[in-house]
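Because only heavy atoms are used, hydrogens play no part in the values below, and waters and symmetry mates are left out as well, while side chains stay in. The model shown is predicted, which means the values in this text are computed figures rather than measured ones. Sequence lines set the chain letters: A, B, ... in the order given, protein chains first and strands last, and positions in each chain run from 1.
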2 protein chains.
Amino acid sequence: MSTPRRRDSARSRELLLAAATELFTERGFDRSTIREIGERAGVDPALIARYFGGKAQLYLATLQVDQLAANPPDLLEPERAKALLDHAAQRGPGPIHRAAVSPHEDPEVQAAAAEQLHRRLVDPLCERFTREGLDRPQLRAELTVAAFIGVSLSRSSGTFQALAQARTEDVVALALELLAPRR
Amino acid sequence: MSTPRRRDSARSRELLLAAATELFTERGFDRSTIREIGERAGVDPALIARYFGGKAQLYLATLQVDQLAANPPDLLEPERAKALLDHAAQRGPGPIHRAAVSPHEDPEVQAAAAEQLHRRLVDPLCERFTREGLDRPQLRAELTVAAFIGVSLSRSSGTFQALAQARTEDVVALALELLAPRR
DNA sequence: GCTTCATGTCATCATCCGAAGACATCATGT
DNA sequence: ACATGATGTCTTCGGATGATGACATGAAGC
């Protein structure tokens, strides 16, 4: 068995990354402090500067690891939509979702978030719409993703009671009924 | 003609309120500072404390004045939806919209925002759905408003190019095509 | 004119934050 | 064992922010 080393930079790095993902997910970038991140990770926050360069770079790192990473989800597939909403409901909306509605101050950071958002959500939808021969596929895709993100974020915000309390299956069913293009 | 008094608390109050509405709309509550508000209003920021009690209370005051105040908009009426999206595109999403996706830290403030959101957007839709005999009218209404807000906020964030650049009429038409309940 | 209160200006405080660096401690190679 | 670099801990700095109160100034009543 591998002896648990008392000092392990890789492990510290990952602990910080995981804690940062949690906090950025729960409260967003601005309201998360590197002290909180360090506390949750059980790692001194000064190491954030050493291993990532700073809070902004740590945020960029979390974007790369965000759980959407799996095969590109197609929002119009009920199982995928449900999985995404479930994930958001249980662990909060991902940093990428937040970036869609409240842009980051640093343009570089915002651009990175936008790139992830497109690659993982918009582009797959756009391809689907193109395949289906719908007009304005890009606009349709962005509109759909924006609406989906609005629902996902609103569900976590506590502002909409019925939306937050409804079972995910019901939300997905209703949303797809509304969002699915007319045949 | 009324002599413009060099000292006029009512005027100072309104200048602060107007400037605060602008800034909260542009950058949200957290990223707006009372110094910026005072600067834009041409009024000393210390007067915020005197006339409103503090930054949070000033925010509450802006919620009451938010431009949605006019007759309850029905999102499914194209003219109303276009007006709301146009307004958001030109002057930024209102503070109420932001509150739906990123809850305020202070529960009291958040509750006030939620109340406005329901009174002005959710409730009218819910009544409409009820009249039309649709099931789950409350859930439908919240879902629709959440989606609409996602679109509105995303349009202003610069994350979605096609969505931001498309003419408002086209966005509304496409959104209504997607959102309108099946007949 | 003088008083008195409303209104406005300014300086300062306490707090929080991200960043940086000094210093301590452990691991590893020789 | 020792030297050296990696890793971790702690303190401190500079800046920003909201709040507060002391003080100044104008307005209104007498």
Side-chain angles (χ1 to χ4, degrees), chain A residues 1-24 26-63 95 102 104-110, chain B residues 1-24 26-62 95 104-110:
Chain A
M1 53 178 293
S2 62
T3 306
R5 285 188 286 178
R6 308 235 315 270
R7 295 201 163 190
D8 188 336
S9 64
R11 174 172 166 78
S12 298
R13 224 190 93 105
E14 295 203 1
L15 286 174
L16 286 172
L17 198 56
T21 301
E22 286 183 21
L23 271 170
F24 290 153
E26 292 174 14
R27 314 186 196 177
F29 180 82
D30 288 333
R31 290 183 182 169
S32 304
T33 71
I34 62 172
R35 295 174 216 266
E36 284 174 315
I37 294 171
E39 189 177 1
R40 183 170 299 202
V43 174
D44 192 288
L47 294 182
I48 291 175
R50 196 194 304 263
Y51 292 135
F52 297 92
K55 188 189 176 189
Q57 287 88 349
L58 172 58
Y59 177 75
L60 285 178
T62 65
L63 287 185
S102 57
H104 197 282
E105 276 181 316
D106 183 339
E108 188 180 349
V109 174
Q110 177 61 17
Chain B
M1 55 181 290
S2 63
T3 307
R5 284 186 287 179
R6 311 235 314 272
R7 296 198 161 191
D8 188 336
S9 65
R11 175 171 166 78
S12 297
R13 225 190 93 106
E14 293 202 2
L15 286 173
L16 286 173
L17 198 57
T21 299
E22 286 183 22
L23 271 170
F24 290 153
E26 291 173 14
R27 314 185 195 177
F29 180 82
D30 289 333
R31 289 182 183 171
S32 304
T33 72
I34 62 172
R35 294 174 216 267
E36 284 174 314
I37 294 170
E39 189 178 2
R40 183 170 300 202
V43 174
D44 192 287
L47 294 181
I48 291 175
R50 194 194 304 263
Y51 293 136
F52 297 93
K55 188 188 176 189
Q57 287 87 351
L58 173 57
Y59 177 75
L60 284 179
T62 65
H104 197 280
E105 274 181 316
D106 184 337
E108 189 180 349
V109 175
Q110 176 61 17

Atom of Gly38(A), atom of Leu16(A) and distance for their closest heavy-atom approach: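 Nearest heavy atoms, Gly38(A) then Leu16(A): CA-CD2, 4.2 Å.
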Spacing between [X] atom [atom1] and [N] atom [atom2], to the nearest angstrom:
X        : N       : atom1 : atom2 : answer
Leu47(A) : dA20(C) : CG    : P     : 14 Å
Glu36(A) : dG18(C) : CD    : C1'   : 13 Å
Arg7(B)  : dT9(C)  : CZ    : C1'   : 9 Å
Asp8(B)  : dA27(D) : CG    : P     : 11 Å
Ile34(B) : dG8(C)  : CD1   : C1'   : 15 Å
Asp30(B) : dA16(D) : CG    : P     : 18 Å
Arg11(B) : dG8(C)  : CZ    : P     : 10 Å
Glu39(B) : dA16(D) : CD    : P     : 13 Å

Is there a side-chain contact between [X] and [Y], using heavy atoms and a 4.5 Å cut-off?
X        : Y        : result
Ile37(B) : Leu58(B) : yes
Asp30(A) : Asp30(B) : no
Phe52(B) : Leu17(B) : yes

Closest nucleotide of DNA chain C for Asp44(A) versus for Gly42(B): which of these residues is on the 5' side?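 Looking at DNA chain C, the more 5' nearest nucleotide goes with Gly42(B).
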If you assign Arg31(A) and Arg35(B) each to the DNA chain C nucleotide with the nearest heavy atom, which residue ends up on the more 5' nucleotide?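 Result: Arg35(B).
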Below 4.0 Å: OP1/OP2 of dG8(C) and any side-chain N or O of Ser12(B):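 So the side-chain polar atoms of Ser12(B) do come within 4.0 Å of the phosphate oxygens OP1 or OP2 of dG8(C), strictly under.
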Is there a side-chain contact between Ser9(A) and the phosphate of dT7(D), meaning an N or O under 4.0 Å from OP1 or OP2?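 Checking dT7(D) against Ser9(A), a side-chain N or O does come within under 4.0 Å of OP1 or OP2.
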Passing option when Glu36(B) is tested against Arg31(B), Lys55(B), Arg27(B) for salt bridge (charged side-chain N to carboxylate O under 4.0 Å, His left out):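 The single option meeting the salt bridge (charged side-chain N to carboxylate O under 4.0 Å, His left out) with Glu36(B) is Arg27(B).
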In terms of the angle between their ring planes, are Phe24(B) and Phe29(B) parallel, tilted or perpendicular, with boundaries placed at 30° and 60°?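 Phe24(B) and Phe29(B): tilted rings.
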Please list residues of residues 50-60 of chain B whose heavy atoms come under 4.0 Å from any atom in DNA chain D, ordered by number; otherwise none.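 Result for residues 50-60 of chain B: Gly54(B), Lys55(B), sorted by number.
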Identify whether any heavy atom of Ile48(B) sits under 4.0 Å from a base atom; if not, whether one sits that close to sugar-phosphate; answer base, sugar-phosphate or nothing.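 The residue Ile48(B) makes no contact with any strand.
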Between the side chain of Thr62(A) and the main-chain N/O of Ala20(A), is any donor-acceptor distance below 3.5 Å?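 No, the answer is negative, given that no donor and acceptor are paired below the 3.5 Å cut-off.
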